[in-house]
Amino acid sequence: MESLDPRIKPLNEVNYSEKDIPDQLKPYEVFIQLNKSKPFTHVGVVHAADLDLAFLFAKEQYSRRLTCSGIWVMETADMYVSELTDGDKNVFDLFTKDQKEGNTSFHLFILNKRGKQQVFLDEIQAKDVVSAISLAYQKHPEVMAYHVWVCESNKILKMEDEVADIWNTLNEKGFRDASAYRAGDKLKNFLAKK
Amino acid sequence: MYGGGTIFEQPKQDNLTNEDPVLLAAFEARIERGEKIEPQDWMPQLYRKQLIRMIEQHAHSEIIGALPEGTWITRAPGFKRKMALIAKVQDEVGHAQMLYSAAETLGKSREQMINDLISGKSKYSNIFNYPAFTWADSCFISWLVDAGAIVNQLANARGSYGPYCRALDRICAEESFHLKYGHHCVIYLATGTTIQREMMQAAVDRWWKPMMHFFGPPDKMSVHTELLMKWKVKMATNDDMRNQFLDMYVPKIRELGLVIPDPILDKDEKTGKWIFSDPDWDEFFRVINGDGPCNKERLEVRKIAEERGAWVRRALSGNIFKPVTPLA
């Protein structure tokens with residue numbers, strides 16, 4: 001195999017031309033649960049070819065440097081997104097009380113403080129998205145939110161509890177902690193000699 | 001963390017006249033109250049444009065900035081240094097991913113941003129157009145270029161755009177080890193053998209000028225940034241950030257017995273401002289416009305990455321072409 005190291009093989013002109021058709025991978029939304037007592041919280045986005053790869057990228061991107069107890073991933077396009085409100089305007093009040101029971105399961109995520117990120121509220125059985133929101137409001141009449149996201153539960157890839165050992169090696173990676181780089185004594189000795 | 005956070009092109013300030021004054025006032029009031037602007041909120045075109053440009057340039061700086069350090073992974077002195085450097089470079093590339101996603105929420109696709117990087121339309125932090133000849137150069141980057149970026153990004157994390165601030169918060173949290181690692185590396189060289197000391201000194205000599213360029217042209221040379229400051233897009237002026245950096249790091253560099261190659265560098269205790277030689281702004285503009293020692297090579301690496309990844313994307317080409325904007 002030819003070396004890819006530019007110090008060994010200097011870079012030649014590559015035959016590059018701007019693409020005619022865009023070929024960007026799809027975005028996926030990532031939620032992380034820091035520990036079992038915390039709600040799943042939106043942390044950001046990954047781009048991937050499918051849900052399984054999105055999960056892998058999410059694990060690497062958002063849980064590489066910290067432990068957590070769970071990851072959920074879903075395609076951005078599968079997420080229903082409400083209007084964004086502010087002040088004392090509860091986003092749940094924007095939806096009619098049109099509740100159709102049903103057996104489709106939906107995950108609801110809400111933004112309860114502007115500037116923060118969406119957190120998981122509940123899983124609701126309903127006929128459609130709007131009914132799910134309405135039923136969730138009935139179930140949680142105290143809830144105040146500025147934004148609601150809804151995703152059909154079967155479109156979410158959830159980490160299974162038994163694979164949580166993916167974080168077991170974190171302890172061996174102390175070289176990523178600032179505390180592994182103490183050089184105070186070395187500096188002190190140097191300054192004393194000076 | 002590498003971004004200069006400088007907006008290298010100046011905004012055209014004339015298109016505010018087309019904005020709805022009522023919406024604009026509400027938008028400005030929200031920022032004034034210290035609230036964040038979210039992707040679904042109304043925002044002036046100029047705000048959107050400037051933010052895309054700034055976050056995009058920051059993201060480019062992260063992936064391009066991984067190159068001069070990345071080239072030292074294979075030659076890092078010892079296993080510990082190698083592990084640390086791999087982890088650091090991976091962090092930086094991860095930062096680029098988060099920043100591209102934050103910029104995408106404003107409506108420009110990541111692919112378009114990469115295209116603009118490759119075509120030279122979109123800039124990145126100028127300092128990465130210089131080569132890392134020795135291990136000491138890589139240590140200089142890990143410690144001082146990161147330190148400069150931290151000064152900048154702690155300021156920007158208090159800005160007004162929600163997704164950018166949240167990405168910066170995550171980035172800063174991951175960052176704590178980079179700076180300590182970099183300082184550790186420099187201490188070991190500077191307190192080491194004569195050859196090691198000389199190598200470190202040579203790196204300081206090579207990188208000082210680009211380091212002074214890092215925060216962007218002096219305020220008196222830039223077109224006024226009042227509006228961007230008011231909208232909390234830019235949180236501190238170039239000169240203020242440069243001064244803060246000098247305040248924090250010149251004593252630490254000098255304590256190691258390293259000599260900064262600027263005979264007049266000194267702090268005016270009365271004004272609190274550092275006095276320094278003109279770091280040759282002509283060179284800065286020349287390099288940022290393409291004529292630096294590594295500009296071509298840096299972009300070639302991106303082109304090669306695009307070329308080599310093309311077959312994967314082709315093989316996966318099902319319904320992946322529909323552009324979707326991430327949510328937050």
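Convention: sequence-line order gives letters A, B, ...; per-chain numbering from 1.
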Considering only heavy atoms, which portion of [X] lies under 4.5 Å from any heavy atom of chain A: side chain, backbone, both, or neither?
{"X": "Q90(B)", "result": "both"}
{"X": "A102(B)", "result": "neither"}
{"X": "T325(B)", "result": "backbone"}
{"X": "Y188(B)", "result": "both"}
{"X": "R110(B)", "result": "both"}
{"X": "L256(B)", "result": "both"}

When heavy-atom pairs shorter than 4.5 Å are enumerated against chain A, which of [options] gives the highest number?
{"options": "M98(B), E35(B), K80(B)", "result": "M98(B)"}
{"options": "S176(B), G162(B), A328(B)", "result": "A328(B)"}
{"options": "L179(B), I37(B), I187(B)", "result": "I187(B)"}
{"options": "K180(B), H184(B), K36(B)", "result": "H184(B)"}
{"options": "Q97(B), H183(B), R170(B)", "result": "R170(B)"}
{"options": "Q40(B), E38(B), Q112(B)", "result": "Q40(B)"}

Query raised in the report: Hey, which of Y181(A), F175(A), F190(A) has the most heavy atom pairs under 4.5 Å with chain B?
Result: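 Of the candidates given, the most pairs with chain B belong to Y181(A).
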Query - For chain B, the option from K173(A), K116(A), M79(A) that forms the most heavy-atom pairs under 4.5 Å - result: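 Maximum pair count with chain B is reached by K116(A).
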Hey, are the side chains of [X] and [Y] touching, using non-hydrogen atoms and a 4.5 Å cut-off?
{"X": "K158(A)", "Y": "H107(A)", "answer": "yes"}
{"X": "L144(B)", "Y": "Y249(B)", "answer": "yes"}
{"X": "R81(B)", "Y": "C185(B)", "answer": "yes"}
{"X": "V259(B)", "Y": "R254(B)", "answer": "no"}

May I ask you to say whether [X] pairs ionically with [Y], meaning some side-chain N is under 4.0 Å from a carboxylate O?
{"X": "E174(B)", "Y": "R176(A)", "result": "no"}
{"X": "R30(B)", "Y": "D86(A)", "result": "yes"}
{"X": "R64(A)", "Y": "D91(B)", "result": "yes"}

So, do [X] and [Y] have ring centers that fall under 6.0 Å from each other?
{"X": "W143(B)", "Y": "Y181(B)", "answer": "no"}
{"X": "Y137(A)", "Y": "F92(A)", "answer": "yes"}
{"X": "H42(A)", "Y": "F109(A)", "answer": "no"}

By a 4.5 Å heavy-atom criterion (distance strictly below it), what part of [X] contacts chain B: side chain, backbone, both, or neither?
{"X": "E29(A)", "value": "side chain"}
{"X": "V81(A)", "value": "side chain"}
{"X": "V43(A)", "value": "both"}
{"X": "E60(A)", "value": "side chain"}

Report task. Would you check if there is a donor-acceptor pair between the side chains of Y164(B) and H58(B) at a distance under 3.5 Å? Result ->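 Yes, a side-chain donor-acceptor pair sits under 3.5 Å.
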